[in-house]
Structure formats: C-alpha cells, structure tokens
K.L.:
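Have a look at this one before I ask anything.
Please read these numbers as outputs of a predicted model, since none were measured by experiment. Residue numbering restarts at 1 for every chain, and letters A, B, ... go by the order of the sequence lines.
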Amino acid sequence: MLKIYNTLTNQKETFQPINPENIGIYVCGMTVYDYCHMGHARFLVAFDVITRHLRRNFPQVKYVRNITDIDDKIINRAIENNEDISTLTQRFIDAMHEDERALGVLEPDVEPRATESIDQMFYMIKALINKGIAYQGKNGDVYYSVRDFENYGKLSSKNLDDLVAGARVDVESNKNDPLDFVLWKMAKPDEPKWQSPWGDGRPGWHIECSAMATHHLGNHFDLHGGGVDLTFPHHENEIAQSEGANDCTFVNTWMHVGFLKINDEKMSKSLNNFFTIRGVLEKYDGESLRYFIMSSHYRSPLNFCDENLSNAKTALTRLYTAVRGLNASNPAMTQVAMRFDYENRFNAALDDDFNTPIALSILFEVAKHINNERENDPGQAGALAQLLRKLGGYIGILECDAEVFFKQGVSLSDAEIDGKICQRDDARAAKDFAMSDQIRDELMALDIILEDGSNGTTWRRK
RNA sequence: GGCUGGGUAGCAAAGCGGUUAUGCAGGGGCCUGCAAAGCCUUAUAGACCGGUUCGACUCCGGUCCCAGCCUCCA
C-alpha cells in the first residue's frame, strides 16, 4: 500500500488514485536559460524514482513535466548572448536531456513547453475574468484577485493577513491588492509577445503550469510536484488559478523535494557555489551521482560535498563488486532467490513515501548474502546477483555491466594493463616481490587497482 | 514576526515504544608473499528538561539550536 507525504495535509497518506487504471502526475520542470545544476539533478532523480515506482504499481502512468521557455531570465540571457531566444532555449533543452540520460533519468511522457501552450492559458485566463476572479489593471496587465479565492494559502499553511504583514512594501498601484499576481503581462518594446484579448504580451509564470497540467491531465488529477521552494507562491497560485477557473479540486497530493546544500551552505549565485551537472560529471560518473541523491530521503535536505559524493561512489562499488562475475541470466534461479523476502521489503520501503535509504540498505543485505554464498553455493549467489540487479533496476542503478563500471575512465588501454599484469605474474612466479609490488604501485598511481584472486589477477579503477 | 520541517554514533543516513538499520571510516581476527576485495567480530548514538509508560531515540509538553518558505529560484 503506497503512502505519500502530502504537503496539503502535512502528513503521510495512503495514496488513493482517482482512477487506478491511469495515474496522472505533473512536475514543474526547468526554466531553460542555463545548464542544469545539482539542485535540478536532485528533483529530476527524485521524480524519476517516484514515477518508476508508480509505473510498476499501476497499469498506466502519465508523467508530465513542463519546460518554461519564456520568462525574464531567458529574455535577459538571450540579450546578453546576442542569441535568438528559441536557439538559446533549444540549446539548453538539449543539454538538459543529455544530463538526464547521464543520471539514468527516464523521459517524461509529455514535456509541454510554455510557448506552445499559450492558447490553453488564454482559455483559463478568460474563465477567471468571467468569474470575476481576475481583472485587467490600469497598465493592461491581467491580475489574479487573491482575495476572491477563499482557499488561498491552504497548501503552504499561510493566511492572507500574515502574508500582507510580512510582505515587502511594494507600491504596485496597478493591482487591487498587493498579493495579487500577474496572469498576463503587457509586452515592453522589443520583447517577445503574443496577441491576446487583453493586448500584446506574454504569460505570467504561474499560469503556464495550471494551463499545461489541466490540458494534459484534466481538471483534477493525482499528483503534482516540484522543489520545496515552489510551494509558495508558485503552487499556491496554481491551485488558485485552476480551482478558481474549474470549480473543482485541482490536485489530490502535492509532493515537494528538499533543498540541496553545498558544503552545508545554501546554494546560491551570490555565494557562487552552484555546480552544474555536467561539471560534476567530469569527476564522478552519473550512476554514483544518482546513488548520492538517493542516499537521503527525497524530502530531507541533501548536502553536496566531495566526501558525500565519494562515499556514494564507494557504496555503489560495493554493490557492483557483489554482482561482478555473476552475470549469467537464469530465470529459474531468480525464482529461487525470490523465496527470500528482499523484494517484498524493497517494495515496502518504496511504498513508504519512496524511502530510498531503506531500499538501498536492503540492496546491501543482498550483496552480503551474495558474498557469503559465492564460494559455498555459486548457483544461489548467481540467482541473488540477478535479484540484486533487478531491484537496483527498479530505482535506476546496477543496470550497467559490472566490468564496464569497474573499467570506465581509465587512462591505459586494456592491453597495456594486461601486459603489466603479465609482467607482474612473472615476477611473482619468480618470487621477485619487490618488482611485483612496484608494478602494482605504478598502476595504483594511475588509479588502477590490482586484485589477486583464486582465478588470477583482475583490475578495476579506483 | 508568521508558516513548514529538522536536531541520531567519527562522517553520511533510516526505521522503530522493549530485540543488528545500512554505507564509509576505526579496533581485533580469517584469507593473501604482502595487499586489495570479501568474510567473521567489536566499539562509538539519539540537543536539553520534564511527563505518559513496566519500559522512550521512538508518544506528549516545554526550552535551546538549525534549515527552508514568506521576493526570481528545483
């Protein structure tokens, strides 16, 4: 039984699909004006784990993740780069897809873009104006009238008066109320614009998600997610817009992924401490990065630092070490492995609000079991190795060949290393251990580790 | 100030009202020419103060501290 923490109620709830035959989930995606950073990696992987689990438990899941391809930051960046907006956004969309593949993130079913969803936004804004919940200000911008939506604040547990009290003094005379937010803004000269019933302009940020989500998933769907920082105001405003326009519950369960910290500090541009995914990939492989992200619960803060990352790599190495050399596929043997309850416990962990740390700990139990059986009962060890890979696959790890994992990114060729191993074997046979150790040390200096086993010497990267 | 989370062993990170989390690092041992890997074994916890209970890291109350949101941000 799947339980999910719902921001709307601030508690874990049993997930009750609107239609068990078809689950709908919407996630707020990237604003594409730069390369993805590690914070993006975190929510991309988190929702990848979530949707993978949903897909195994329900016959059909529709995962929609939008792309914001028009906003101030994009416009400014295009001007800075002297680059066409669509060229800029396409470049970073392609880069995002590349990063996702490196992290083992599966594609969403639909990836709608704001600029391709303008008509749906018009439709919703019109509905809001007709109901008197939205109005056009003196400057032509269209605003949402927050006071006319009675449930405003229900997601983020805020009430309007507290918000007013805490608000920055923003004398925005075009609004009826300082808390009102923009649905459609008039274009300034030289800005990209679309014709609308209210004048040439472009959409406000929040309306695009309401429009795209309801267009692809209907007025009422199961799950909606994003980073915690989107809870207010973005998701709060999405609820106001969608429920205001459609007069029905927008989303049953709201999910929010915790923040990523950098060396225990908040990641921010002013501290200049943000890392792009591709930058980190120069030093760590994508799978280790993915493991690092899954090593804490998706709602907890996650601290990005070298120690934690190398820890993740070491941990993943232990799992690959367990399956190494046990690649043969044998469905019958997997059945044997099934008599242990690893898989049930693994699934139960994910059913408990996607508890990846527990799920991973079960993987280590299987690894230990394999190591114990390796000598005694190779058949069973092989079956357990298959089980380990299968469970790993459920969360997007352990899917590559162990030899590939152990030999990636090494500066010498296989032949060169094999040559060294032969030399060393000769030295060892002659009991010339000084020479033998020297060869091993030389390779170690190149991050190549030699291991003498009963079937000869094997090697792996550090 | 308001709202939401959180404070667990050397580090990271979970579950749980009474019995081993897990990974890395540390001690001892097995294996090895020596290592590495692996196995066995071992030490180190639950911010503080009260309360409930036969029994609390786990529930309740209070105190202190930390983080996030309240302004664009995953």
Side-chain angles (χ1 to χ4, degrees), chain A residues 5 7 10 27-31 36-47 65 68 71-73 76 153 155-159 161-168 170 179 205 225-234 236 256-261 264-269 274 291-292 294-297 299-303 305 307-319 321-322 324 348-349 352 355-365 367-368 370-376 427-428 431-434 436-437 440-441 444 449-454 457-460 462:
Chain A
Y5 186 92
T7 307
N10 289 320
V27 171
C28 293
M30 280 278 297
T31 300
C36 291
H37 57 236
M38 284 303 298
H40 296 123
R42 160 97 118 153
F43 94 88
L44 289 169
V45 169
F47 283 107
R65 194 187 62 208
T68 298
D71 91 323
D72 288 346
K73 292 187 290 296
N76 292 337
L155 178 68
S156 50
S157 309
K158 295 180 189 306
N159 70 65
D161 297 324
D162 287 345
L163 284 170
V164 174
R168 298 272 168 98
D170 175 21
L179 295 175
W205 173 40
V228 260
D229 49 336
L230 295 183
T231 311
F232 188 90
H234 187 239
E236 197 70 70
H256 292 98
V257 177
F259 232 76
L260 185 88
K261 293 189 296 180
D264 281 316
E265 282 180 320
K266 184 187 170 174
M267 183 172 76
S268 81
K269 305 225 158 164
F274 65 98
Y291 181 99
F292 160 70
M294 296 192 299
S295 70
S296 87
H297 185 85
R299 283 188 286 113
S300 304
L302 176 62
N303 188 35
C305 66
E307 190 187 354
N308 289 172
L309 232 43
S310 71
N311 233 286
K313 186 175 168 182
T314 308
L316 188 60
T317 299
R318 179 170 160 82
L319 295 177
T321 302
R324 194 176 191 186
D352 185 12
N355 195 326
T356 50
I358 292 286
L360 290 171
S361 78
I362 292 163
L363 260 29
F364 286 100
E365 287 184 39
K368 175 165 277 192
I370 292 169
N371 292 333
N372 273 312
E373 295 299 341
R374 223 183 169 92
E375 299 290 314
N376 307 337
R428 292 179 74 208
K431 304 238 186 262
D432 182 354
F433 295 120
S436 158
D437 289 350
R440 188 168 61 194
D441 291 346
M444 178 60 103
I449 297 171
L450 296 190
E451 296 176 320
D452 301 327
S454 48
T457 301
T458 54
W459 66 273
R460 64 184 173 92
K462 195 174 175 183

K.L.:
Pairing check on B/C24: which nucleotide meets the Watson-Crick or G-U wobble criteria with it, both distances under 3.5 Å?
P.N.:
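Matched B/C24 with B/G10 under the 3.5 Å cut-off.
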
K.L.:
Could you tell me whether A/Asn355 contacts a base, only the sugar-phosphate backbone, or nothing, with contacts defined as non-hydrogen atoms closer than 4.0 Å?
P.N.:
sugar-phosphate

K.L.:
Which nucleotide wins on minimum distance to the side chain of A/Asp229, given the candidates B/A74, B/G23, B/A14?
P.N.:
B/A74

K.L.:
Should the pair A/Arg65 and A/Phe47 be classed as cation-pi, given the thresholds of under 6.0 Å to the six-membered ring centre and 45° from the axis?
P.N.:
no

K.L.:
Among the candidates B/G23, B/A12, B/C24, find the nucleotide nearest to the side-chain atoms of A/Ala315.
P.N.:
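Closest nucleotide to the A/Ala315 side chain: B/G23.
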
K.L.:
Would you measure the distance from the C1' atom in B/A56 across to the matching atom in B/A47 and give it in whole Å?
P.N.:
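Nearest-Å result for B/A56 against B/A47 at atom C1': 16 Å.
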
K.L.:
Just so I know, are the side chains of A/Pro233 and A/Lys158 near enough to count as touching, which here means a heavy-atom distance under 4.5 Å?
P.N.:
no

K.L.:
Starting at atom CG of A/Leu302, determine the distance to atom P of B/G68, rounded to an integer number of angstrom.
P.N.:
14 Å

K.L.:
Go through it in stages, so that I can follow the logic: the residues are A/Lys462 and A/Lys313, the test is side-chain contact (heavy atoms from CB on, under 4.5 Å), and I'd like the CA-CA distance, side-chain angles, deciding distance and then a yes or no.
P.N.:
CA-CA 10 Å; A/Lys462 195 174 175 183; A/Lys313 186 175 168 182; over 6 Å; no

K.L.:
Would you indicate what A/His297 reaches in the nucleic acid, counting non-hydrogen atoms under 4.0 angstrom: base, sugar-phosphate, or nothing?
P.N.:
sugar-phosphate

K.L.:
In whole angstrom, give the distance that lies between atom CG of A/Asn76 and atom C1' of B/C73.
P.N.:
15 Å

K.L.:
Roughly how many Å apart are B/C24 and B/C16, using the P atom of each and rounding to a whole number?
P.N.:
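These two P atoms come out 24 Å apart once rounded.
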
K.L.:
Looking at the side chain of A/Asn311, which of B/C70, B/C3, B/C24 is the nearest nucleotide?
P.N.:
B/C24

K.L.:
Rounded to the nearest 0.5 Å, how far does OG of A/Ser157 lie from CG of A/Asp162?
P.N.:
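Result: 11.0 Å between the selected atoms.
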
K.L.:
Are any non-hydrogen side-chain atoms of A/Phe259 and A/Asp229 less than 4.5 angstrom apart?
P.N.:
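Contact flag for A/Phe259/A/Asp229 side chains = yes.
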
K.L.:
Write down the distance separating the P atoms in B/C57 and B/A67, rounded off to the nearest Å.
P.N.:
27 Å

K.L.:
Which part of the nucleic acid does A/Asp72 contact within heavy-atom distance under 4.0 Å: base, sugar-phosphate only, or nothing?
P.N.:
nothing

K.L.:
Select one nucleotide: of B/G5, B/A21, B/A74, the one nearest the side-chain heavy atoms of A/Ser361.
P.N.:
B/A21

K.L.:
If I pick the P atom on B/A25 and the same atom on B/G18, what distance separates them, to the nearest angstrom?
P.N.:
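Per the computed distance, 31 Å lies between those P atoms.
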
K.L.:
Rounding to an integer number of angstrom, what distance separates B/C49 and B/C65 when you compare their C1' atoms?
P.N.:
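Straight-line distance between the two C1' atoms is 15 Å.
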
K.L.:
Stepwise, does the side-chain contact (heavy atoms from CB on, under 4.5 Å) test hold for A/Leu155 with A/Phe232?
P.N.:
CA-CA 8 Å; A/Leu155 178 68; A/Phe232 188 90; over 6 Å; no

K.L.:
Can you check the distance between B/A21 and B/U4, where both ends of the measurement are the P atom (answer in whole Å)?
P.N.:
33 Å

K.L.:
If you assign A/Glu307 and A/Gly226 each to the RNA chain B nucleotide with the nearest heavy atom, which residue ends up on the more 5' nucleotide?
P.N.:
A/Glu307

K.L.:
Going by heavy atoms in the side chains, are A/His37 and A/Leu260 under 4.5 Å from each other?
P.N.:
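No, every pair of side-chain atoms sits at 4.5 Å or beyond.
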
K.L.:
What is the base-pairing partner of B/G18, counting Watson-Crick and G-U wobble geometry with both distances under 3.5 Å?
P.N.:
B/C54

K.L.:
May I ask you to test the A/Thr457-A/Arg440 pair for a side-chain heavy-atom distance under 4.5 Å?
P.N.:
no

K.L.:
Looking only at atom C1', what distance separates B/U52 and B/G29, rounded to whole Å?
P.N.:
46 Å

K.L.:
Please confirm whether the shortest side-chain N or O distance from A/Tyr5 to OP1 or OP2 of B/G5 is below 4.0 Å.
P.N.:
yes

K.L.:
Determine, stepwise, if the pair A/Lys73 / A/Asn76 fulfils side-chain contact (heavy atoms from CB on, under 4.5 Å).
P.N.:
CA-CA 5 Å; A/Lys73 292 187 290 296; A/Asn76 292 337; 5.7 Å; no

K.L.:
Return no unless some side-chain N or O of A/Thr68 is found under 4.0 Å from OP1 or OP2 of B/C73.
P.N.:
no

K.L.:
Could you tell me the separation between the CG atom of A/Asp352 and the P atom of B/A21, rounded to a whole number of Å?
P.N.:
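Answer to the nearest Å: 19 Å.
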
K.L.:
Could you tell me how far B/A12 sits from B/G7 if I compare only their C1' atoms? Round to whole Å.
P.N.:
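B/G7 and B/A12 have their C1' atoms separated by 15 Å.
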
K.L.:
Among B/A74, B/U22, B/G2, find the nucleotide with the atom closest to the side chain of A/Lys158.
P.N.:
B/G2

K.L.:
Roughly how many Å is it from CD1 in A/Ile362 to P in B/U20, rounded to a whole number?
P.N.:
16 Å

K.L.:
Whole angstrom is fine here: how far is it from CG in A/Leu260 over to P in B/A12?
P.N.:
15 Å

K.L.:
Could you check how far CG of A/Leu360 sits from P of B/C24, rounded to whole Å?
P.N.:
13 Å

K.L.:
Report yes or no: does A/Asp352 contribute a side-chain atom to a donor-acceptor pair with the main-chain N or O of A/Asn355 at less than 3.5 Å?
P.N.:
no

K.L.:
Considering every strand shown, what is the Watson-Crick or G-U wobble mate of B/G38 when both distances are under 3.5 Å?
P.N.:
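Pairing partner: B/C30.
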
K.L.:
Considering Watson-Crick and G-U wobble pairs with both distances under 3.5 Å, what does B/G5 pair with?
P.N.:
B/C66

K.L.:
Which nucleotide wins on minimum distance to the side chain of A/Leu230, given the candidates B/A12, B/A74, B/A14?
P.N.:
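Ranking B/A12, B/A74, B/A14 by closest atom to the A/Leu230 side chain puts B/A74 first.
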
K.L.:
Could you identify the nucleotide paired to B/G61, looking across every strand shown and requiring Watson-Crick or G-U wobble geometry with both distances under 3.5 Å?
P.N.:
B/C49

K.L.:
Report the distance from atom CH2 of A/Trp205 to atom P of B/C72, rounded to the nearest whole Å.
P.N.:
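Taking CH2 of A/Trp205 and P of B/C72, I get 8 Å after rounding.
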
K.L.:
Would you mind building the protein contact string for nucleotides 33-43 of chain B? One character per nucleotide, 5' to 3', B for base within reach (heavy atoms under 4.0 Å), S for sugar-phosphate only, - for untouched.
P.N.:
BBBBSSSS---

K.L.:
NA contact type, A/Thr31, heavy-atom cut-off 4.0 Å: base, sugar-phosphate, or nothing?
P.N.:
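Contact class for A/Thr31: sugar-phosphate only.
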
K.L.:
Rounded to whole angstrom units, what separation is found between the NZ atom of A/Lys73 and the P atom of B/C73?
P.N.:
5 Å

K.L.:
Give one of base, sugar-phosphate or nothing for A/Phe364, where a contact means two heavy atoms less than 4.0 Å apart.
P.N.:
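Sugar-phosphate only.
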
